[in-house]
Amino acid sequence: MTTSTSPTLTKAQMWLIEIALAVGGFGIGTGEFATMGLMPGIAEGLGVSEPQVGHVISSYALGVVVGAPLLAVFGARLFRRHLLIGLMGFYTLANIASALAPSYESLLAFRFIAGLPHGTYFGVAALVVASLAPPSDRGKAVSRVMIGLTLAVLIGNPLATWLGQSISWRYAFVLVAAVSFLTVILIV
(Lines give C-alpha, C1' and ligand atoms only; values in the text may rest on other atoms or scores of the structure.)
Protein backbone atom coordinates (compact mmCIF):
# COMPACT_ATOMS: atom_id res chain seq x y z
CA MET A 1 0.00 0.00 0.00
CA THR A 2 1.35 3.42 -0.90
CA THR A 3 0.11 6.93 -0.49
CA SER A 4 -1.41 8.67 -3.47
CA THR A 5 1.69 10.88 -3.89
CA SER A 6 4.32 8.15 -3.80
CA PRO A 7 5.11 5.82 -6.69
CA THR A 8 4.86 2.08 -6.32
CA LEU A 9 8.37 0.74 -5.85
CA THR A 10 9.57 -2.81 -5.56
CA LYS A 11 11.36 -3.87 -2.40
CA ALA A 12 14.61 -4.02 -4.39
CA GLN A 13 14.19 -0.45 -5.64
CA MET A 14 13.41 0.78 -2.14
CA TRP A 15 16.42 -1.10 -0.80
CA LEU A 16 18.70 0.57 -3.38
CA ILE A 17 17.37 4.03 -2.49
CA GLU A 18 17.94 3.36 1.21
CA ILE A 19 21.50 2.15 0.54
CA ALA A 20 22.31 5.21 -1.59
CA LEU A 21 21.09 7.56 1.13
CA ALA A 22 22.78 5.54 3.89
CA VAL A 23 26.11 5.81 2.04
CA GLY A 24 25.66 9.59 2.19
CA GLY A 25 25.03 9.38 5.92
CA PHE A 26 28.16 7.27 6.26
CA GLY A 27 30.21 9.90 4.42
CA ILE A 28 28.79 12.80 6.41
CA GLY A 29 29.20 10.97 9.72
CA THR A 30 32.78 10.06 8.91
CA GLY A 31 33.53 13.65 7.89
CA GLU A 32 31.92 15.00 11.02
CA PHE A 33 33.95 12.96 13.49
CA ALA A 34 37.20 12.35 11.56
CA THR A 35 38.93 15.46 12.88
CA MET A 36 38.79 14.17 16.45
CA GLY A 37 41.10 11.25 15.73
CA LEU A 38 43.41 13.39 13.64
CA MET A 39 44.02 16.28 16.03
CA PRO A 40 47.73 15.56 16.67
CA GLY A 41 48.49 15.17 12.94
CA ILE A 42 46.56 18.28 11.95
CA ALA A 43 48.23 20.29 14.72
CA GLU A 44 51.67 19.16 13.60
CA GLY A 45 50.89 19.59 9.90
CA LEU A 46 49.56 23.14 10.26
CA GLY A 47 51.84 24.26 13.08
CA VAL A 48 49.11 24.92 15.64
CA SER A 49 48.20 23.46 19.02
CA GLU A 50 45.75 20.61 19.51
CA PRO A 51 43.30 22.91 21.34
CA GLN A 52 43.32 25.13 18.25
CA VAL A 53 42.43 22.09 16.15
CA GLY A 54 39.45 21.68 18.48
CA HIS A 55 38.13 24.89 16.95
CA VAL A 56 38.08 23.11 13.58
CA ILE A 57 35.57 20.67 15.08
CA SER A 58 33.52 23.55 16.45
CA SER A 59 33.66 25.28 13.08
CA TYR A 60 32.08 22.24 11.42
CA ALA A 61 29.39 22.12 14.12
CA LEU A 62 28.64 25.79 13.60
CA GLY A 63 28.27 25.10 9.88
CA VAL A 64 25.70 22.41 10.68
CA VAL A 65 23.71 24.82 12.86
CA VAL A 66 23.79 27.61 10.27
CA GLY A 67 23.32 25.42 7.21
CA ALA A 68 20.40 23.24 8.25
CA PRO A 69 17.71 25.93 8.35
CA LEU A 70 19.18 28.08 5.56
CA LEU A 71 19.64 25.30 3.04
CA ALA A 72 16.28 23.77 3.93
CA VAL A 73 14.56 27.07 3.17
CA PHE A 74 16.53 27.74 -0.02
CA GLY A 75 16.16 24.13 -1.17
CA ALA A 76 12.43 23.83 -0.45
CA ARG A 77 11.46 24.60 -4.05
CA LEU A 78 13.86 22.05 -5.55
CA PHE A 79 13.05 18.45 -6.30
CA ARG A 80 14.32 16.47 -3.33
CA ARG A 81 16.50 14.28 -5.52
CA HIS A 82 18.18 17.34 -7.03
CA LEU A 83 18.63 18.85 -3.59
CA LEU A 84 20.29 15.66 -2.30
CA ILE A 85 22.62 15.57 -5.31
CA GLY A 86 23.52 19.23 -4.79
CA LEU A 87 24.10 18.79 -1.07
CA MET A 88 26.41 15.82 -1.56
CA GLY A 89 28.22 17.47 -4.47
CA PHE A 90 28.81 20.50 -2.27
CA TYR A 91 29.96 18.22 0.58
CA THR A 92 32.37 16.48 -1.79
CA LEU A 93 33.95 19.78 -2.84
CA ALA A 94 34.14 21.07 0.74
CA ASN A 95 36.03 17.95 1.82
CA ILE A 96 38.41 18.19 -1.12
CA ALA A 97 39.04 21.79 -0.07
CA SER A 98 39.62 20.61 3.52
CA ALA A 99 42.16 18.05 2.30
CA LEU A 100 44.00 20.77 0.36
CA ALA A 101 43.79 23.48 3.05
CA PRO A 102 47.10 25.37 3.07
CA SER A 103 46.65 26.92 6.51
CA TYR A 104 44.82 26.60 9.80
CA GLU A 105 42.52 29.52 8.94
CA SER A 106 41.57 28.01 5.60
CA LEU A 107 40.87 24.64 7.26
CA LEU A 108 38.60 26.42 9.76
CA ALA A 109 36.68 28.01 6.88
CA PHE A 110 36.48 24.81 4.81
CA ARG A 111 35.21 22.75 7.76
CA PHE A 112 32.53 25.39 8.40
CA ILE A 113 31.53 25.15 4.74
CA ALA A 114 31.56 21.33 4.92
CA GLY A 115 29.15 21.45 7.85
CA LEU A 116 26.54 23.49 5.97
CA PRO A 117 24.77 20.61 4.11
CA HIS A 118 24.94 18.16 7.03
CA GLY A 119 21.58 18.71 8.74
CA THR A 120 19.66 19.37 5.54
CA TYR A 121 20.93 16.13 3.99
CA PHE A 122 19.66 14.00 6.86
CA GLY A 123 16.30 15.79 6.95
CA VAL A 124 15.72 15.51 3.21
CA ALA A 125 16.94 11.89 3.08
CA ALA A 126 14.46 10.99 5.81
CA LEU A 127 11.65 12.78 3.97
CA VAL A 128 12.48 11.01 0.72
CA VAL A 129 12.40 7.48 2.11
CA ALA A 130 9.37 8.20 4.29
CA SER A 131 7.46 9.47 1.25
CA LEU A 132 8.41 6.43 -0.84
CA ALA A 133 7.81 3.72 1.75
CA PRO A 134 4.42 2.26 2.55
CA PRO A 135 2.99 3.84 5.72
CA SER A 136 3.64 0.67 7.73
CA ASP A 137 7.35 0.67 6.76
CA ARG A 138 8.23 4.37 7.03
CA GLY A 139 9.97 4.14 10.39
CA LYS A 140 12.02 1.16 9.25
CA ALA A 141 12.97 2.92 6.01
CA VAL A 142 14.19 6.01 7.85
CA SER A 143 16.14 3.89 10.34
CA ARG A 144 17.83 1.98 7.51
CA VAL A 145 18.98 5.29 6.00
CA MET A 146 20.26 6.52 9.37
CA ILE A 147 22.31 3.33 9.82
CA GLY A 148 24.91 5.08 7.66
CA LEU A 149 25.62 7.47 10.54
CA THR A 150 25.98 4.55 12.96
CA LEU A 151 28.34 2.75 10.59
CA ALA A 152 30.37 5.95 10.27
CA VAL A 153 31.03 5.89 14.00
CA LEU A 154 31.81 2.16 14.02
CA ILE A 155 33.76 1.82 10.77
CA GLY A 156 34.26 5.14 8.98
CA ASN A 157 35.91 7.07 11.76
CA PRO A 158 38.36 4.34 12.78
CA LEU A 159 39.22 3.92 9.09
CA ALA A 160 39.68 7.68 8.59
CA THR A 161 41.78 7.90 11.76
CA TRP A 162 43.96 4.98 10.68
CA LEU A 163 44.36 6.44 7.20
CA GLY A 164 45.11 9.90 8.58
CA GLN A 165 47.64 8.63 11.11
CA SER A 166 49.29 6.20 8.68
CA ILE A 167 49.70 8.52 5.70
CA SER A 168 48.45 12.05 6.35
CA TRP A 169 45.41 13.63 7.94
CA ARG A 170 44.56 15.03 4.51
CA TYR A 171 43.75 11.55 3.19
CA ALA A 172 40.93 11.20 5.70
CA PHE A 173 39.15 14.11 4.01
CA VAL A 174 39.93 12.60 0.59
CA LEU A 175 38.21 9.42 1.79
CA VAL A 176 35.17 11.40 2.88
CA ALA A 177 35.10 13.22 -0.46
CA ALA A 178 35.26 9.88 -2.30
CA VAL A 179 32.34 8.45 -0.29
CA SER A 180 30.39 11.67 -0.86
CA PHE A 181 31.01 11.52 -4.59
CA LEU A 182 29.93 7.86 -4.60
CA THR A 183 26.70 9.03 -2.99
CA VAL A 184 26.14 11.54 -5.78
CA ILE A 185 26.58 8.73 -8.33
CA LEU A 186 24.21 6.42 -6.44
CA ILE A 187 21.52 9.08 -6.13
CA VAL A 188 21.80 9.98 -9.82
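Taking 4.5 Å as the limit, some side-chain heavy atom of Arg81 sits within range of a side-chain heavy atom of Ile187. Side-chain contact between Phe112 and Val66 is present, with at least one heavy-atom pair separated by less than 4.5 Å. Annotation: side chain of Thr161 is not in contact with side chain of Pro158 (no heavy-atom distance under 4.5 Å). The side-chain heavy atoms of Val174 and Ile96, taken from C-beta on, include no pair separated by under 4.5 Å. Looking at heavy atoms from C-beta onward, Tyr121 lies in side-chain contact with Thr183 at the 4.5 angstrom threshold.
Taking NZ of Lys140 as the start and CE of Met14 as the end, the distance is 12.0 Å to the nearest 0.5 Å. Here the CG atom belonging to Leu175 is positioned 10.5 Å from the CH2 atom belonging to Trp162, to the nearest 0.5 angstrom. Atoms CD and CG, from Glu18 and Leu132 in turn, are 9.0 Å apart once rounded to the nearest 0.5 Å. Between the CG atom of Leu62 and the CG atom of Leu116 there is a distance of 9.0 Å, given to the nearest 0.5 Å. Here Ser143 contributes atom OG and Arg138 contributes atom CZ; the two are 14.5 Å apart, rounded to the nearest 0.5 Å. Taken from CD1 in Ile113 to CG in Leu93, the straight-line distance is 10.5 Å, to the nearest 0.5 Å.
Leu159 and Leu151 fall within a single hydrophobic cluster, where Ile, Leu, Val, Met, Phe, Trp and Tyr are joined by side-chain heavy atoms under 4.5 Å apart, directly or via other members. Hydrophobic clustering, with ILVMFWY side chains joined whenever heavy atoms are under 4.5 angstrom apart, keeps Leu186 apart from Val184. Criterion: ILVMFWY side-chain heavy atoms under 4.5 Å apart, direct or through other members. Under it, Phe26 and Met146 are not part of a common hydrophobic cluster. Hydrophobic clustering keeps Tyr171 apart from Tyr60 (ILVMFWY residues linked when any side-chain heavy atoms are closer than 4.5 Å, directly or through intermediates). Both Phe74 and Leu84 sit in one connected hydrophobic cluster of ILVMFWY residues. Membership requires side-chain heavy atoms under 4.5 Å apart, directly or through other members.
With Gln13 contributing its side chain and Thr10 its backbone, the two residues share a donor-acceptor pair below 3.5 Å. Of the possible polar contacts, one joining the Gln52 side chain to the Ser49 backbone as a donor-acceptor pair under 3.5 Å is found. A donor-acceptor pair under 3.5 Å is formed between the side chain of Thr92 and the backbone N or O of Met88. A distance-only check finds no donor-acceptor pair linking the side chain of Ser166 to the backbone of Leu163 [under 3.5 Å]. Counting only distance, with no hydrogens or angles, the side chain of Thr120 and the backbone of Leu71 share no donor-acceptor pair below 3.5 Å.
The environment of Glu50 atom CD is dense: over 12 non-hydrogen atoms of other residues, nucleotides or ligands sit within 6.0 angstrom.
For the residue pair Ser106/Ser103, the side-chain donor-acceptor check at 3.5 Å is satisfied. Between the side chains of Ser59 and Arg111, no donor-acceptor pair is found at a separation under 3.5 Å.
In plain terms, the two heavy atoms of Val179 and Val23 that are nearest each other are CG1-O, 3.6 Å. When all heavy atoms of Ala172 and Ala160 are compared, the pair lying nearest together is CB-O, 3.6 Å. For the pair Glu32 and Leu149, the tightest heavy-atom approach, listed with the atom from each and the gap, is OE1-CD1, 4.3 Å. The two residues Val142 and Ala130 make their nearest non-hydrogen contact at CG2-CB, 4.2 Å. The minimum heavy-atom distance between Gly119 and Val64, with the atom names listed, is N-CG1, 4.2 Å. Closest non-hydrogen pair, Asn157 versus Ala34, comes out as OD1-N, 3.3 Å.
Under a 4.5 Å side-chain heavy-atom criterion applied to ILVMFWY residues, the cluster that includes Ile57 comprises Phe33, Met36, Leu38, Met39, Ile42, Leu46, Val48, Val53, Val56, Tyr104, Leu107, Leu108, Val153, Trp169, Phe173 as well.
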Test side chain to side chain contact (heavy atoms under 4.5 Å, CB included) applied to Ser131 and Arg80, step by step: CA-CA 11 Å; Ser131 69; Arg80 289 178 182 163; 3.9 Å; yes
Side chain to side chain donor-acceptor pair (under 3.5 Å) between Tyr91 and His118, intermediate numbers included: CA-CA 8 Å; Tyr91 196 71; His118 179 121; 5.4 Å; no
Trace of the side chain to side chain contact (heavy atoms under 4.5 Å, CB included) decision for Asn95 with Phe110: CA-CA 8 Å; Asn95 279 286; Phe110 294 143; over 6 Å; no
Side chain to side chain contact (heavy atoms under 4.5 Å, CB included) assessment of Leu9 paired with Ile17: CA-CA 10 Å; Leu9 297 173; Ile17 292 167; 3.8 Å; yes
